[in-house]
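The block underneath contains the structure these notes are about, expressed in structure tokens.
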Protein chains: 2
Amino acid sequence: MRADDVAEFRHLPLFRTMGDQAFESLIRGAYLQTFPPAVDLIREGDVPDFFHVLIEGGVELYAQWHDRETTMSTLGPLATFILAATVVDKPYLMSARTLSRSRIALIPSEDVRRVVADDRSFADEIVAELASGYRDCVRREKNLKLRSSVERLANYLIRLHEAAEGDEFSLPHEKRLIASWLGMTPENLSRAFASLRAYGVQVDGAQVRIAEIEDLRWLAKPTPWIDDPKS
Amino acid sequence: MRADDVAEFRHLPLFRTMGDQAFESLIRGAYLQTFPPAVDLIREGDVPDFFHVLIEGGVELYAQWHDRETTMSTLGPLATFILAATVVDKPYLMSARTLSRSRIALIPSEDVRRVVADDRSFADEIVAELASGYRDCVRREKNLKLRSSVERLANYLIRLHEAAEGDEFSLPHEKRLIASWLGMTPENLSRAFASLRAYGVQVDGAQVRIAEIEDLRWLAKPTPWIDDPKS
DNA sequence: CGCTTTGTTTGATATTTATCAAGCGCAAAC
DNA sequence: GTTTGCGCTTGATAAATATCAAACAAAGCG
């Protein structure tokens, strides 16, 4: 790993507070690798060999059961993945593939477990990271069980709208991916978009314009306990 | 807290390995309380004041959104709950109510956070507990997104069958609760049971007999990465 | 550039799931 | 013992969602 990679690494939230010695021993076996798009990184059922930190690019976590597949999350820069499998040393429950060209840091699982045991401050960060991962998952489950597909889409658009500057933004992923993440078929996502036209949502390709956010909010009824990842 | 309660407490997996001093400071503010059935313990959106450990009885975790409600998990003795909210000090994402008369240990959240920071071995247990909670949640999400309601019921019955001695067992909860947990209406659960008759499932009230486990497995296609909580 | 592939949309249809309504059965309460 | 309430079941119907098929559009490739 190059010296400036190490420096960048040291500034990530997860590694910022830990002791120098622990950081050293964590980084020693780590390496940084660049992957092209659509590469399978890990496979459901495999035993965790490396803890992953996404530095640059995008990654999809997905799960399979027989001939069905569904995307569980999409990750952006600075996200970590398969932490839970790493710390308990049990098989992955999800697979991961790159969405775009990605730089990913790989840290041997054994090192992570050792340093969690040795460095208190790192353990604290791990606890926080696990807890928010868990809470995200609970939110997704509530979203699925309590809302219809149109409601899920409406809330998703509101989140994107809030992150954007004005009333117009572009979808961050292919629609088929968004559909799978929201738990519906691509055909149904199309129809869901169509039915949101009545609530001031205009779609042209990946471009979305929210003409009447209040109408959309009336339908979506967002709540922080499902939709606000910071709460 | 009575002396024998303290002793019992000390033997729980979560508290067995920690140092005496840490245990002392954790137990000082803790107390044990008995609740009648159907009592609301915590409410979604509230700020965590106590970490909960269920000693005896049963607890339902559920979530609401407007006029809809769904049960997220059912807990039995030795389960802990709302750990994630406690350690990150953010509002609960779920509500909890007792299912039956329950003895519950309550530990002030602040104490938990302090001891996590002070006692390494307790922190390790917390990490393990959080990680398995997270993995359970991922399993539930996969179950929901990848399977139909009949398939979910079939796999649920197989799990109960494996836990039981012979081919007959009784359902651990009311059917309406099971329905909500499996993500369907009570009416639909009835119909799902009816359609499993063709696969050797005989139901009489809460009594279930699996006449042809192989037929049921053929339909359910269980996989450890969804159905085995130990994997 | 034209070609091919892949993603998206739309329509028709089937399947799954929910809702509404009624009746049954068991258990607690009087 | 009767009554009452509640959970459960069943049937009829409606709504939500998936599947299949076709057409189209956009993106990548030789």
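In what follows, every chain begins at residue 1, and chains take the letters A, B, ... in the order their sequences are listed.
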Determine the interplanar angle of the H161(A) and F169(A) rings, folded into 0 to 90°, and report it as parallel if under 30°, tilted if 30 to 60°, perpendicular if over 60°.
-> perpendicular
To the nearest Å, give me how far apart CG (D204(A)) and C1' (dT9(C)) are.
-> 13 Å
Could you check whether E187(A) gets within reach of a base, just the sugar-phosphate, or nothing at all, counting any heavy atom under 4.0 Å?
-> base
dT16(C) P sits how many Å from L153(B) CG, rounded?
-> 15 Å
For dT10(C), does OP1 or OP2 lie under 4.0 Å from any side-chain N or O of S190(A)?
-> no
Round to the nearest Å and state the distance from L171(A) atom CG to dG7(C) atom P.
-> 16 Å
Between the base of dT19(C) and the side chain of R191(B), is there a donor-acceptor distance below 3.5 Å?
-> yes
Let me know the distance between CZ of R147(A) and P of dA16(D), rounded to the nearest Å.
-> 16 Å
Between atom CG in L177(B) and atom P in dG7(D), what is the gap in whole Å?
-> 11 Å
Check step by step if salt bridge (Lys or Arg N to Asp or Glu O under 4.0 Å) holds for E162(B) and R217(B).
-> CA-CA 12 Å; E162(B) 280 166 0; R217(B) 292 181 69 88; 3.4 Å; yes
Winner on side-chain proximity to R176(A), out of dT8(C), dA18(D), dA18(C), is dT8(C)
Donor-acceptor contact below 3.5 Å, side chain S102(A) vs main chain I104(A) = no
Send over the distance from R68(B) CZ to dA18(C) C1', rounded to a whole Å.
-> 11 Å
Does atom CG of D4(B) have more than 12 heavy-atom neighbours, drawn from other residues, nucleotides or ligands, at distances under 6.0 Å?
-> yes
Run the ring-centre check on F50(B) versus Y31(B) and record whether the distance is less than 6.0 Å.
-> yes
Could you tell me whether the phosphate oxygens of dA16(D), OP1 or OP2, come under 4.0 Å of any side-chain nitrogen or oxygen in S148(A)?
-> no
Please work out if T185(A) contacts a base, only the sugar-phosphate, or nothing of the nucleic acid, heavy-atom cut-off 4.0 Å.
-> base
Roughly, in whole Å, what's the span from CD in E174(A) to P in dG7(C)?
-> 5 Å
Hey, is the side chain of N188(B) poking within less than 4.0 Å of OP1 or OP2 on dT17(C), counting only N and O atoms?
-> no
Rounded interatomic separation in angstrom, taking CE from M184(B) and P from dC8(D) = 13 Å
